[in-house]
Amino acid sequence: MKKTLIALAAIGACGAALAESSVTLYGVADAGVGRIKTQSAVDPRLGLGFADPGDAENGNGKTQFTSHSLMNNANSRVGFKGVEDINDCLKAGFQFETGLDLDDGAADGTFWQRQANVWVGGNWGTIKLGRQFTPSFLTQSTYELTDMANYSVLANTYGVASLFFRAPSAFAYVTPNMGGLTAAVAFVSKNDTGLRKNIWDVGLMYANGPISAGASINRGYDNGHKNWQLGGKYDFGSFALAVSHQSSSTNDAADLARRGWSLGGTAKLGAFAVTVDVTRDTKNRIHNKKFTNGLIEAKYALSKRTFFYGAALRQDGQTNYGVGINHSF
């Protein structure tokens, strides 16, 4: 009886406010000019998932219009997201997001392939079901210097601890923010993937003041190999420094792995920002050769929503470059 009364009191404390809901339209438009010689950067085995290997500009080595490619800052997209305030302690919502190619306006694969999920949450955390970002992506986002740009040298070299940016058919739980500390866990059943084993992914993130850091571990393929990452960033104000260590595999064989570290920095001067980031392999059984990869990125902000960018990416012996404009709404 006492337990029942306590439960009823907790529900009552949430309040019975009239539910309110809202829907937001958002998106990104990104296009430019560039040359792309690296084809391994869009290899789906590496779990990158941001560029389409079928795009004509990916890997042909010609200078041309670029959209939805390795050397664009981001992929163009349009999305809808909504939230309903059920009461003081409970919210529910959804997110649908589709990509598009500014070459011809074509949709990016399955129409809602970027995000398609529903969630419910409160001060106890959030449960989300459907296609969504992986915990390893959320973890790497805390310390990666380019805001996870398509040409990120870290993501192109090691993936997000070998996983894709997004996971389909996923069940996920994210804890509430506890003084800057957040944890996320996701699960995808082998019955949904057709693999021999279930996929799981766990990430731990910290962001408070000038310090951002994260660590994740996952089993993303049916070879049973576990992948992990550990990284951090310190923002001095006009300069940010980031370092990480990565271990990733592919789905071809349990011993086919790539490991290494990254070190980079971003200097900010008013509307200008310049990033230099380097990765170095300590193990590379994918190419049977260790590579030092590097990125130089320059950005100029016209406003809070629009910026010009230019980048040069040295990826596994190939040099790629691009310039463009990115606008968000």
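What you see is a predicted model; the values in this text were computed from it and never measured.
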Nearest 0.5 Å, what's the CD-CD distance between Q115 and Q132? 7.5 Å

Count the heavy atoms belonging to other residues, nucleotides or ligands that lie under 6.0 Å from OH of Y300, then report whether that count exceeds 12. no

May I have all residue pairs that pass salt bridge (charged side-chain N to carboxylate O under 4.0 Å, His left out) and include part of residues 264-277, sequence neighbours excluded? D235-K268

Report yes if some heavy atom in the side chain of S136 is under 4.5 Å from a heavy atom in the side chain of Q229; otherwise report no. yes

Would the distance check show the side chain of T146 and the main-chain N or O of A149 forming a donor-acceptor pair, the cut-off being under 3.5 Å? yes

Under the 6.0 Å and 45° cation-pi test, does K233 pair with Y143? no

Any side-chain heavy-atom pair of V276 and L295 under 4.5 Å: no

Do S22 and V83 come within less than 4.5 Å of each other through their side chains, counting heavy atoms only? yes

Side-chain H-bond candidate by donor/acceptor type, T38 with N320, under 3.5 Å: yes

Shortest non-hydrogen contact from N150 toward A74: OD1-CA, 3.7 Å

Flag side-chain contact, heavy atom, 4.5 Å: L204 against T139: no

Any donor-acceptor pair under 3.5 Å from D85 side chain to N87 backbone: no

Between N198 and W200, is any pair of side-chain heavy atoms under 4.5 Å apart? no

Would you say T110's side chain and W112's backbone share a donor-acceptor pair under 3.5 angstrom? no

Are F111 and E97 side-chain neighbours, meaning at least one heavy-atom pair lies under 4.5 Å? no

Examine the side chains of T63 and Y321 and answer whether a donor and an acceptor come within less than 3.5 Å of each other. yes

Hydrophobic cluster membership, with links at side-chain heavy-atom distances under 4.5 Å among I/L/V/M/F/W/Y: are V278 and Y234 in one? no

Could you go through the side-chain contact (heavy atoms from CB on, under 4.5 Å) check for M148 and F165 one step at a time? CA-CA 10 Å; M148 301 302 289; F165 279 19; 4.0 Å; yes

Does the pair V28 and V78 meet the rule for a side-chain contact (heavy atoms from CB on, under 4.5 Å), with working shown? CA-CA 7 Å; V28 172; V78 175; over 6 Å; no

Heavy atoms, side chains only, cut-off 4.5 Å: are Q246 and W228 in contact? no

Nearest-0.5 Å distance, OH of residue Y151 to CE of residue M71: 7.0 Å

is_close_aromatic(F80, F96), centroid dist under 6.0 Å: no

dist T266:OG1 -> F236:CZ (nearest 0.5 Å) comes out at 12.0 Å

If only atom types and distance count, is the side chain of E144 paired as donor or acceptor with the main-chain N or O of D147 below 3.5 Å? yes

Answer yes or no: is there a donor N or O on one side and an acceptor on the other, between the side chain of N177 and the main chain of G180, under 3.5 Å? yes

To the nearest 0.5 Å, what is the distance between OH on Y158 and OG on S247? 10.0 Å

Side chains of S244 and S262: do they bring a donor and an acceptor to under 3.5 Å? yes

Is the number of heavy atoms from other residues, nucleotides or ligands under 6.0 Å of R280 CZ greater than 12? yes

How about CG on L269, more than 12 heavy atoms from neighbouring residues, nucleotides or ligands closer than 6.0 Å, or not? no

Among I325, N326, N75, which residue satisfies the side-chain contact (heavy atoms from CB on, under 4.5 Å) criterion with D30? N326

How close do Q140 and G159 get, counting heavy atoms only, and between which atoms? NE2-O, 3.1 Å

Indicate, with yes or no, if F329 and L302 share a hydrophobic cluster defined by side-chain heavy-atom contacts under 4.5 Å among Ile, Leu, Val, Met, Phe, Trp and Tyr. no

From K37, K290, R258, residue fulfilling salt bridge (charged side-chain N to carboxylate O under 4.0 Å, His left out) relative to D316: R258

Give the intermediate values and the outcome of side-chain contact (heavy atoms from CB on, under 4.5 Å) for residues L163 and N227. CA-CA 8 Å; L163 280 185; N227 315 284; 5.7 Å; no

What one should report as the nearest heavy-atom pair of T319 and R35 is O-NH2, 3.5 Å

Can you name the nearest heavy-atom pair linking L129 to I127, along with the distance? CD1-CG2, 3.6 Å

Using the rule that Ile, Leu, Val, Met, Phe, Trp and Tyr join whenever any side-chain heavy atoms are under 4.5 Å apart, tell me whether V174 and V202 fall into a single cluster. no

Quick one: are D201 and V188 in side-chain contact, heavy atoms under 4.5 Å? no

Atom NZ of K91 and atom CG of N123: how far apart are they, to the nearest 0.5 Å? 10.5 Å

Check: N208 side chain, L181 main-chain N or O, donor-acceptor pair, under 3.5 Å: no

Non-neighbouring partners of F308 that pass ring pair (Phe, Tyr, Trp, His ring centres under 6.0 Å), sequence neighbours left out: none

Could you please spell out the steps behind the side-chain contact (heavy atoms from CB on, under 4.5 Å) verdict for I36 and S69? CA-CA 9 Å; I36 302 168; S69 79; 3.5 Å; yes

Nearest heavy-atom neighbours spanning A167 and A170: O-CB, 3.9 Å

Calculate, to the nearest 0.5 Å, the distance between atoms SG and CH2 belonging to C89 and W124 respectively. 11.0 Å

Verify whether one side chain among Q64 and T66 offers a donor that lies under 3.5 Å from an acceptor in the other. no

Heavy-atom count check: over 12 atoms from other residues, nucleotides or ligands less than 6.0 Å from I296 CD1? no

Are Y309 and L145 grouped together when hydrophobic residues (ILVMFWY) are joined by side-chain heavy atoms under 4.5 angstrom apart? no

Is there a path of hydrophobic side-chain contacts, each under 4.5 Å between heavy atoms of I/L/V/M/F/W/Y residues, joining I211 to F239? yes

Nearest heavy-atom pair of S67 and S76: which atoms, and what distance? OG-OG, 4.4 Å

